[in-house]
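In this chain, residues are counted from 1 in sequence order.
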Amino acid sequence: MTQRRITIILHWSVLMLVLVMVKGGTSAVYVRWAFVLASGFWVAMAVVKGMMCKPGPKLTGPLRAAYPWMHRGMYALLAVTVALNAAALLGVLPHDTGWTALLVLLGAGALHGLFHFWRHNVLFDGALRIMTPRFMHRIL
């Protein structure tokens, strides 16, 4: 399996796990562990193999310069959320630790998605095709 395919699977799996955890307010331990393991693997893969994100030729100016830093920030936020949830699951921190970070991650993820939606629909650079599974490309 390619790094791109693994990243796409982790991207959407982590989103669904965050939504499951936030929707319930509290989450079953196995869902939190799934989030910690999937997200931790994703962050580790990005650290070892590098991020797959690139701004594309149509993104110019300050947004182009900020683009890699925005993604590094998303990975950092994901790593902090994973660390807090892992510490809570291991009993190092109180059980409810990590929920605020999870909500911040969800909000940042929503802004992240809106940014790529804007790129895809205003710049027409196909930004959504990068992270969507191939079966969805025909509707984009």
**Q** For Ala101 versus Leu84, what's the shortest heavy-atom pair and its separation?
**A** CB-CD1, 3.8 Å

**Q** With side-chain contact (heavy atoms from CB on, under 4.5 Å) as the test, would you mind laying out the steps for Phe35 and Thr81 before giving the verdict?
**A** CA-CA 10 Å; Phe35 168 76; Thr81 306; 3.8 Å; yes

**Q** Please report the shortest heavy-atom distance between Ala88 and Pro94, naming the atom on each side.
**A** CB-O, 3.4 Å

**Q** Can you name the closest pair of heavy atoms from Asp125 and Pro55 and give their distance?
**A** OD2-O, 4.3 Å

**Q** How far apart are the closest heavy atoms of Ala108 and Leu77, and which atoms are they?
**A** CB-CD2, 3.5 Å

**Q** Side-chain heavy atoms nearer than 4.5 Å, only ILVMFWY residues, links allowed to pass through others: does that put Met52 and Met74 together?
**A** no

**Q** Could I get the full list of ring-ring contact (aromatic ring centres under 6.0 Å, His included) partners for His95, not counting sequence neighbours?
**A** none

**Q** Considering only distance and modelled atom types, tabulate donor-acceptor pairs under 3.5 Å from the side chains of residues 5-17, sequence neighbours left out.
**A**
{"unit_1": "Thr7", "atom_1": "OG1", "unit_2": "Gln3", "atom_2": "O", "d": "2.7"}
{"unit_1": "Trp12", "atom_1": "NE1", "unit_2": "Met131", "atom_2": "O", "d": "2.5"}
{"unit_1": "Ser13", "atom_1": "OG", "unit_2": "Ile9", "atom_2": "O", "d": "2.6"}

**Q** Could you tell me if the side chain of Arg119 sits less than 4.5 Å from the side chain of Phe124, heavy atoms only?
**A** no

**Q** Can you pull out every side chain to side chain donor-acceptor pair (under 3.5 Å) where at least one residue sits in residues 49-65? Sequence neighbours excluded, please.
**A** none

**Q** Which hydrophobic side chains are connected to Val48, either touching it within the sub-4.5 Å cutoff or through other members that do?
**A** none

**Q** Roughly how far, to the nearest 0.5 Å, is CG of Leu102 from CZ of Arg32?
**A** 8.5 Å

**Q** Got a donor-acceptor contact below 3.5 angstrom from the Ser39 side chain to the Val36 backbone?
**A** no

**Q** Is there a chain of hydrophobic side chains (I, L, V, M, F, W, Y, each step under 4.5 Å between heavy atoms) that links Trp69 to Val43?
**A** no

**Q** Please determine whether side-chain contact (heavy atoms from CB on, under 4.5 Å) holds for the pair Leu19 and Leu106, giving the CA-CA distance in whole Å, both sets of side-chain angles, and the decisive distance to 0.1 Å.
**A** CA-CA 8 Å; Leu19 291 175; Leu106 182 62; 3.8 Å; yes

**Q** Identify whether Phe41 and Val31 are in the same connected component of the hydrophobic contact network (ILVMFWY, side-chain heavy atoms under 4.5 Å).
**A** yes

**Q** Centroid-to-centroid, His112 to His116, below 6.0 Å?
**A** yes

**Q** What residues join Tyr67 in its hydrophobic cluster, counting side-chain heavy atom gaps under 4.5 Å, either direct or through other members?
**A** Leu59, Leu63, Met70, Phe115, Trp118, Val122, Leu123

**Q** In this structure, would Trp33 and Trp42 fall into the same cluster of hydrophobic residues linked by side-chain contacts under 4.5 Å?
**A** yes

**Q** For Ala46, give me all partners under side chain to side chain contact (heavy atoms under 4.5 Å, CB included), at least two apart in sequence or on another chain.
**A** Met51, Tyr75

**Q** Should Met21 and Leu90 be regarded as members of a common hydrophobic cluster, given that ILVMFWY residues are connected when their side-chain heavy atoms come within less than 4.5 Å of each other, either directly or indirectly?
**A** yes

